[in-house]
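Read the numbers this way: they start at 1 and go in the same order the structure lists the ligands and their atoms.
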Amino acid sequence: MKKPSSEPCADLPDPQRLVRPLVRGLRPYVPGEQPRVRGLVKLNTNENPYPPSPKVLRAMREAVDERLRLYPPPTAGGLREKLAKLHGGQPGQVIVGNGSDELLALAVRTFVEPLTSGEGSASTVQFLNPSYSLYPVLAETHGARVSRVSLGEDFRLPAPEELGTAGWDFGAALTFITTPNAPSGRGYSTRDLEAICLCQRGVVILDEAYADFARENAMELALRWPHVIVARTFSKAYSLCFQRIGYFVGHQKLVSALDRMRDSYNVNGLAQVGALATLSDLPYYRRNFKKIVATREKVSKELAQLGFKVLPSQTNFILAEPPGFPAKEWLEQLRAYRILVRWFAYPEVSRFLRISIGTDAEMERLITVCQKILGRSGRFGKSVSDHRAT
Ligand SMILES: *Cc1c(COP(=O)(O)O)cnc(C)c1O
């Protein structure tokens with residue numbers, strides 16, 4: 001090694017000690033696996049099994065030319081206008097982000113005091129358990145207090161009185177409600193959500209990542225109440241996970257506060273082009289929602305016939321308790337057949353598998369493989385020797 005040309009003035013710092021104590025202890029969010037395996041039936045991260053519309057792909061391809069050297073529209077103005085029109089609001093009520101995940105993080109930084117400068121409710125990030133597992137991570141990275149109330153066995157939305165007795169904080173600076181819920185798949189009615197919103201004195205974010213697969217959505221609450229924000233994404237329903245694009249709709253004052261906190265060019269240009277083209281071809285996507293919902297209902301019945309306990313779903317995935325042996329073992333058995341589903345280690349849902357809805361062919365493959373696994377286990381249907389004979 002070459003000798004450094006100058007000597008340090010003092011002992012060099014230990015790099016670990018340069019990291020804030022809070023950050024040293026952080027546990028990161030664990031995303032679902034994204035393996036690149038040929039022939040894999042990938043049902044683990046709730047991606048849409050259908051591609052973006054041909055018009056979207058064309059618009060994005062046509063945008064790839066020498067203009068890539070230019071910065072994209074900094075406030076995503078064109079897209080915000082179109083989204084405002086779609087939802088019946090003003091462009092000033094819409095903010096676009098690098099995936100809705102970016103905006104969820106931005107909301108924590110905008111509305112919640114870190115514990116060092118605030119206290120109690122002003123520093124509280126609140127959510128139901130189970131729900132989107134990113135929320136506690138966002139609270140932790142910000143140094144905020146966490147308040148969580150467990151959903152019951154059936155994952156139904158508790159009434160405000162029930163929340164009150166369970167230690168819910170109606171003054172929490174920020175409350176996240178995943179609706180329809182993930183990972184349970186359960187849908188919540190706008191009326192029940194509104195009852196909770198009207199008891200909260202902080203910001204409420206209704207995270208509607210899966211609303212397009214549900215019977216109803218709560219967008220009207222974001223347009224009606226000053227402290228309610230609805231979060232949407234192009235990832236799940238609009239087949240654009242790869243592009244990272246999501247948005248919030250809420251009161252102009254909240255949106256402009258978020259706007260001050262965001263990076264100048266937080267949404268990349270191709271994502272804006274893709275999202276705009278998506279909004280010009282909504283009938284294509286609505287046909288896909290219908291197909292996915294039909295597949296969801298069909299596969300739910302078929303799994304139930306095999307002995308799975310399938311929870312009713314309003315999303316593009318189902319939560320199901322498999323028969324015979326533990327869910328974690330099912331995860332591995334399915335993996336051996338190159339079917340990837342999601343299993344969460346935390347106690348509220350560790351008996352379940354979360355299965356994204358794929359194409360009909362993919363779900364037929366799932367059913368066939370489940371039959372094989374059950375047959376081989378010998379406890380259901382065919383015995384081990386029967387299986388060997390076939
Ligand atoms: C997938 C998901 C998101 C993230 O969406 P992106 O726009 O891809 O960041 C947010 N909330 C919930 C509940 C999700 O399932």
Side-chain angles (χ1 to χ4, degrees), residues 28-34 42-49 52 76 79 83 94-108 125-139 141 148 151 155 157 174-188 193 204-214 217-219 222 229-250 258 262-263 266-268 270-272 274-275 278-279 285 292 296 313-319 341-342 344 346 348-349 354-357:
Y29 175 73
V30 184
E33 300 167 71
Q34 296 292 348
K42 190 172 178 303
L43 309 175
N44 68 327
T45 48
N46 301 341
E47 287 140 332
N48 198 305
L79 180 56
L83 287 167
V94 182
I95 181 170
V96 184
N98 184 40
S100 57
D101 282 355
E102 185 204 17
L103 296 174
L104 299 174
L106 205 56
V108 174
V125 171
Q126 178 166 252
F127 47 88
L128 293 158
N129 208 29
S131 64
Y132 188 28
S133 54
L134 178 66
Y135 308 147
V137 176
L138 296 180
T141 55
R148 66 181 109 201
L151 294 166
F155 304 114
L157 191 67
L174 181 58
T175 298
F176 289 116
I177 301 179
T178 317
T179 173
N181 182 272
S184 79
R186 178 140 191 167
Y188 299 146
L193 290 165
V204 182
I205 295 184
L206 303 175
D207 185 349
E208 292 201 323
Y210 302 100
D212 293 290
F213 306 105
N217 68 70
M219 183 58 81
I229 289 172
V230 163
R232 293 280 182 91
T233 172
F234 283 85
S235 292
K236 314 292 167 46
Y238 299 94
S239 307
L240 276 182
C241 288
F242 197 77
Q243 282 304 311
R244 311 299 305 122
I245 190 152
Y247 61 98
F248 278 2
V249 176
L258 290 160
R262 79 178 168 85
D263 291 340
N266 66 324
V267 184
N268 80 78
L270 288 177
Q272 293 187 39
T278 298
L279 296 177
Y285 293 93
I292 289 167
R296 177 185 79 200
S313 167
Q314 291 282 301
T315 62
N316 70 335
F317 58 84
I318 48 176
L319 195 69
V341 300
R342 191 88 185 262
F344 296 97
Y346 55 98
E348 293 87 354
V349 290
R354 196 194 66 186
I355 306 170
S356 308
I357 303 301

| field | Polar side-chain atom of R296 near backbone of T315 as donor-acceptor pair, under 3.5 Å | value |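 Answer holds: yes.
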
| request: Look only at the side chain of Q243 and the backbone of A271, and say whether a donor-acceptor pair between them is shorter than 3.5 Å. | output: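 Judged by distance alone, yes, a pair lies under 3.5 Å.
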
| field | Close aromatic pair by centroid cut-off 6.0 Å: F317 and Y210 | value |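 When the ring centroids of F317 and Y210 are compared, they turn out to be within the sub-6.0 Å range.
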
| query | Within a strict 4.5 Å, meaning less than it, do heavy atoms of the P183 and Y346 side chains meet? | reply | yes

| query | If we only count heavy atoms from C-beta on, is the F234 to L279 side-chain gap below 4.5 Å? | reply | yes

| query | With sequence neighbours left out, what residues match E47 under salt bridge (charged side-chain N to carboxylate O under 4.0 Å, His left out)? | reply | K42

| Those protein residues which place at least one heavy atom below 4.0 Å from ligand 1 |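 Shell around ligand 1 (4.0 Å, heavy atoms): G99, S100, D101, Y132, T178, D207, A209, Y210, T233, S235, K236, R244.
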
